[in-house]
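What follows is a short report on a single structure.
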Amino acid sequence: MSKQDYLRIQKDETNWGTFTRQPREHRRLMSRINKNVILALLTLTSSAFLLFQLYYYKHYLSAKNGAGLSKSKGSQIGFDSIQWRAVKKFIMLTSSQNVPVFLIDPLILELINKNFEQVKNTSHGSASECKFLCVPRDFTAFALQYHLWKNEEGWFRIAENMGFQCLKIESKDPRLDGIDSLSGTEIPLHYICKLAAHAIHLVVFHERSGNYLWHGHLRLKGHIDRKFVPFRKLQFGRYPGAFDRPELQQVTVDGLDLLIPKDPVHFLEEVPHSRFIECRYKEARAFFQQYLDDNTVEAVAFRKSAKELLQLAARTLKKLGVRFWLSSGTCLGWYRQCNIIPYSKDVDLGIFIQDYKSDIISAFHDAGLPLKHKFGKVEDSLELSFQGKDDVKLDIFFFYEETDHMWNGGTQAKTGKKFKYLFPKFTLCWTEFVDMKLHVPCETIEYIEANYGKTWKIPVKTWDWKRSPPNVQPNGIWPVSEWDEVIQLY
């Protein structure tokens with residue numbers, strides 16, 4: 001064997017030895033890597049579990065243990081929330097500009113009402129835990145009475161300088177719709193002021209002649225960014241609303257001084273039933289262009305007496321706590337011509353039978369409206385009529401609810417025949433009529449067409465209540481033995 005062959009063999013053996021050692025070193029290396037991965041995973045899992053424990057302690061256990069635990073550590077829980085900071089800044093802004101806003105947010109008012117004793121005994125800056133204004137939410141709702149606002153434009157500029165992005169919603173003033181020269185005048189209805197991820201919804205309340213407050217519909221115009229805030233989550237502005245004028249009180253909530261309605265329960269009860277329907281002034285003007293208004297002495301006198309009668313009846317029923325609405329010809333007059341129909345000769349109201357109260361007759365008698373007649377029973381076809389002055393009477397029809405419709409009854413005094421007037425189911429909305437806030441059926445057109453048919457726009461001065469209404473049907477006859485009970489004439 002030559003020397004060169006020997007060296008080549010030695011080199012090959014060395015390479016083979018290296019090759020055979022590589023798998024063992026590779027396995028040792030992989031083993032070290034696996035141990036490091038496992039250690040890293042264990043560390044990550046332990047950290048995640050520790051963070052979860054801290055979160056659970058902060059948001060659950062501390063809430064259960066109350067403020068005492070937080071006080072012992074000298075900390076304030078929740079006051080770093082986005083909502084609380086936005087509300088605090090908004091209150092600072094409005095207070096510095098003397099803008100008299102008050103809280104109307106239903107969720108927060110409900111929480112305040114449930115914990116009112118605690119709120120009443122809380123002084124400014126003494127709160128150790130944020131309980132009312134630290135819930136993750138998109139909006140907090142406040143209101144403002146517009147006639148008390150002195151510096152609208154200046155406030156708007158300062159709000160933006162403080163970091164708020166504000167959106168102003170305007171629309172025409174419905175109070176001026178009946179005046180041709182002023183119709184179309186725009187007024188502010190809503191402000192949306194956003195700070196970081198939270199927005200303040202400022203609802204602008206306007207005075208109405210019936211001594212109540214009204215807010216308008218939040219209708220987005222074409223140029224408004226629909227993504228500015230989640231508008232669909234707003235609790236006010238889906239439709240116009242009407243509220244009793246609230247008396248206000250100051251309370252300290254989560255360390256902030258706020259004004260709230262003095263009777264939060266009453267305000268909360270109003271919110272879901274606040275929808276408002278405006279009188280249709282434009283259609284009324286068109287009606288009187290086609291059918292001249294009756295301005296005779298007799299018509300003017302009747303309208304004056306009917307208005308006074310309606311106002312007296314409304315006050316009496318309000319004292320009793322009985323809901324009512326404009327019905328029959330009075331409802332038609334409001335909807336068709338924004339006025340009392342002069343040839344109707346009476347005032348018509350509707351009441352749900354479940355709202356009937358046994359002292360209703362005596363209450364009207366004490367108000368100076370004696371009973372003229374009573375037909376039917378509480379459980380079937382009740383109808384009451386009261387005598388007002390100047391021979392104008394008040395008719396009250398009681399409505400009964402069936403599975404798919406509602407109805408009120410009528411009785412013919414001479415024969416005891418019963419009649420039933422069918423209506424599609426309806427809910428109640430507010431409107432303004434004869435300088436009062438009154439209820440009307442929200443589904444107004446369906447209600448009127450049920451009673452007067454598709455031709456309700458055409459005045460009909462001769463009306464037979466037993467045959468003319470398209471929704472009337474026979475309903476049997478009262479037994480002669482019950483006439484003294486169901487037919488009472490005075």
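All heavy atoms count here, side chains included; hydrogens, waters and symmetry mates do not. Count residues from 1 along the sequence.
- Between R208 and E432, at least one side-chain nitrogen of the basic residue sits less than 4.0 Å from a carboxylate oxygen of the acidic one, meeting the salt-bridge criterion.
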(message) Run E207 and R245 through salt bridge (Lys or Arg N to Asp or Glu O under 4.0 Å) and show every step you take.
(response) CA-CA 9 Å; E207 286 188 305; R245 186 190 303 273; 3.0 Å; yes

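- Between F102 and F205, the ring planes lie parallel to each other; the angle is under 30°, not in the 30° to 60° tilted range.
- Within the 3.5 Å criterion, the main-chain N or O of C338 finds no donor-acceptor partner in the side chain of R280.
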(message) Under the criterion side-chain contact (heavy atoms from CB on, under 4.5 Å), I'd like the reasoning laid out for F132 against V119: C-alpha separation, chi angles, the key distance, then a yes or no.
(response) CA-CA 10 Å; F132 304 96; V119 171; 3.7 Å; yes

(request) Given side-chain hydrogen bond (donor to acceptor under 3.5 Å, both in side chains), test T252 with D257 step by step and report yes or no. (result) CA-CA 4 Å; T252 300; D257 292 335; 2.8 Å; yes

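- Salt-bridge formation is detected for the pair K168/E170: a Lys NZ or Arg NE/NH1/NH2 atom is positioned less than 4.0 Å from an Asp or Glu carboxylate oxygen.
- Shown here for A450 and L422, the closest heavy-atom pair between the two residues is CB-O, 3.9 Å.
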(message) Does L111 form a side-chain contact (heavy atoms from CB on, under 4.5 Å) with L109? I'd like the steps, not just the answer.
(response) CA-CA 5 Å; L111 289 173; L109 281 181; over 6 Å; no

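- Between Y452 and S328, the side chains place no donor N or O within less than 3.5 Å of an acceptor N or O (distance only, hydrogens not considered).
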(message) Go through it in stages, so that I can follow the logic: the residues are L189 and Y146, the test is side-chain contact (heavy atoms from CB on, under 4.5 Å), and I'd like the CA-CA distance, side-chain angles, deciding distance and then a yes or no.
(response) CA-CA 9 Å; L189 300 180; Y146 188 65; over 6 Å; no

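- The residues D366 and K319 are annotated as not salt-bridged, no charged nitrogen and carboxylate oxygen being separated by less than 4.0 angstrom.
- Of the charged side-chain nitrogens involved, none lies within less than 4.0 Å of a carboxylate oxygen, so that D359 and K357 do not count as a salt-bridged pair.
- Here the OH-CD distance, from Y356 to E379, works out to 10.5 Å after rounding to the nearest 0.5 Å.
- Between F267 and F243, the gap from one ring centroid to the other is short of 6.0 Å.
- In this structure, K345 forms a cation-pi arrangement with F302, its terminal cationic atom sitting closer than 6.0 Å to the ring centre and no more than 45° off the ring axis.
- A donor-acceptor contact shorter than 3.5 Å is absent between the side chain of Q83 and the backbone of P136.
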(message) Apply side-chain contact (heavy atoms from CB on, under 4.5 Å) to residues L369 and L309 and explain how you reach the verdict.
(response) CA-CA 9 Å; L369 298 174; L309 177 59; 3.6 Å; yes

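- Atom SG of C442 and atom NE2 of H273 lie 10.5 Å apart (nearest 0.5 Å).
- The only option from F433, F324, W430 that meets the side chain to side chain contact (heavy atoms under 4.5 Å, CB included) definition with H439 turns out to be W430.
- Atom CD1 in I200 sits 8.0 Å away from atom CG in L195 (nearest 0.5 Å).
- V87 pairs in a side chain to side chain contact (heavy atoms under 4.5 Å, CB included) with only one of the listed residues (I108, I82, T140), which is T140.
- In this structure, NZ in K221 is found 8.0 Å from CD1 in I169, a value given to the nearest 0.5 Å.
- Checking T94, I104, V101 one by one against L202, the side chain to side chain contact (heavy atoms under 4.5 Å, CB included) holds for a single residue, V101.
- Once rounded to the nearest 0.5 Å, the distance linking NZ of K131 with CD of E129 reads 5.5 Å.
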(request) Decide salt bridge (Lys or Arg N to Asp or Glu O under 4.0 Å) for E449 and K454; before the verdict, give the C-alpha distance in whole Å, the side-chain angles of both, and the deciding distance to 0.1 Å. (result) CA-CA 6 Å; E449 286 186 353; K454 299 286 187 180; 3.1 Å; yes

(request) Take E186 and S171 through the side-chain hydrogen bond (donor to acceptor under 3.5 Å, both in side chains) test and state the conclusion after the steps. (result) CA-CA 5 Å; E186 292 207 334; S171 190; 5.4 Å; no

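- Between W325 and F352, the ring-plane angle classifies as tilted under the 30° and 60° cut-offs.
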(request) Run the numbers on D225 and K227 for salt bridge (Lys or Arg N to Asp or Glu O under 4.0 Å), then give the verdict. (result) CA-CA 5 Å; D225 180 9; K227 296 180 180 179; over 6 Å; no

(request) Any chance you could lay out the ring pair (Phe, Tyr, Trp, His ring centres under 6.0 Å) test for F276 and Y239, step after step, and finish with the verdict? (result) CA-CA 7 Å; F276 185 92; Y239 40 73; over 10 Å; no

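- In this structure a side-chain-to-backbone donor-acceptor pair under 3.5 Å is present from R238 to R232.
- Contact between P441 and L326 at its shortest, heavy atoms only, is CD-O, 3.9 Å.
- Between F426 and F399, the ring-plane angle classifies as perpendicular under the 30° and 60° cut-offs.
- Contact check on K88 versus D254 returns no salt bridge, with no Lys/Arg side-chain nitrogen under 4.0 Å from an Asp/Glu carboxylate oxygen.
- A perpendicular orientation is assigned to the rings of F139 and H201, their planes being inclined by more than 60° (bins at 30° and 60°).
- Closest heavy-atom contact between G237 and H217: O-CD2, 2.8 Å.
- From E110, atom CD reaches atom CG of L268 across 6.5 Å, with rounding to the nearest 0.5 Å.
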(message) Could you walk me through whether E278 and T431 satisfy the side-chain hydrogen bond (donor to acceptor under 3.5 Å, both in side chains) test, starting with their C-alpha distance in whole Å, then the side-chain angles of each, then the deciding distance to 0.1 Å, before giving a yes or no?
(response) CA-CA 6 Å; E278 202 67 58; T431 193; over 6 Å; no

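- K437 and D244 get closest at one heavy-atom pair: NZ-OD1, 3.1 Å.
- Using modelled atom types, one side-chain atom of D263 and one backbone atom of H266 make a donor-acceptor pair closer than 3.5 Å.
- Taking the six-membered ring for Trp and the full ring otherwise, the centers of W407 and Y400 sit less than 6.0 Å from each other.
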(request) Give the intermediate values and the outcome of side-chain hydrogen bond (donor to acceptor under 3.5 Å, both in side chains) for residues S385 and D395. (result) CA-CA 4 Å; S385 183; D395 289 333; 2.8 Å; yes

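- In this structure, L93 and V99 have side chains that are not in contact, with every pair of non-hydrogen atoms separated by 4.5 Å or more.
- Geometric assessment of K457 against the ring of F287 yields a negative cation-pi assignment under the 6.0 Å and 45° thresholds.
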(message) Walk me through whether K389 and E308 qualify under salt bridge (Lys or Arg N to Asp or Glu O under 4.0 Å).
(response) CA-CA 9 Å; K389 68 176 186 179; E308 292 173 354; 2.8 Å; yes

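- In this structure, F398 and N408 approach most closely via the heavy-atom pair O-CB, 3.3 Å.
- Classification of the W155-Y191 ring pair by plane angle, with boundaries at 30° and 60°, yields perpendicular.
- The two residues L167 and I224 make their nearest non-hydrogen contact at CD2-CG2, 3.8 Å.
- Ion pairing between a basic and an acidic side chain is recognised when a charged N comes within 4.0 Å of a carboxylate O; R336 and E283 show no such pairing.
- With contacts defined as side-chain heavy-atom distances shorter than 4.5 Å, the pair L438/L310 qualifies.
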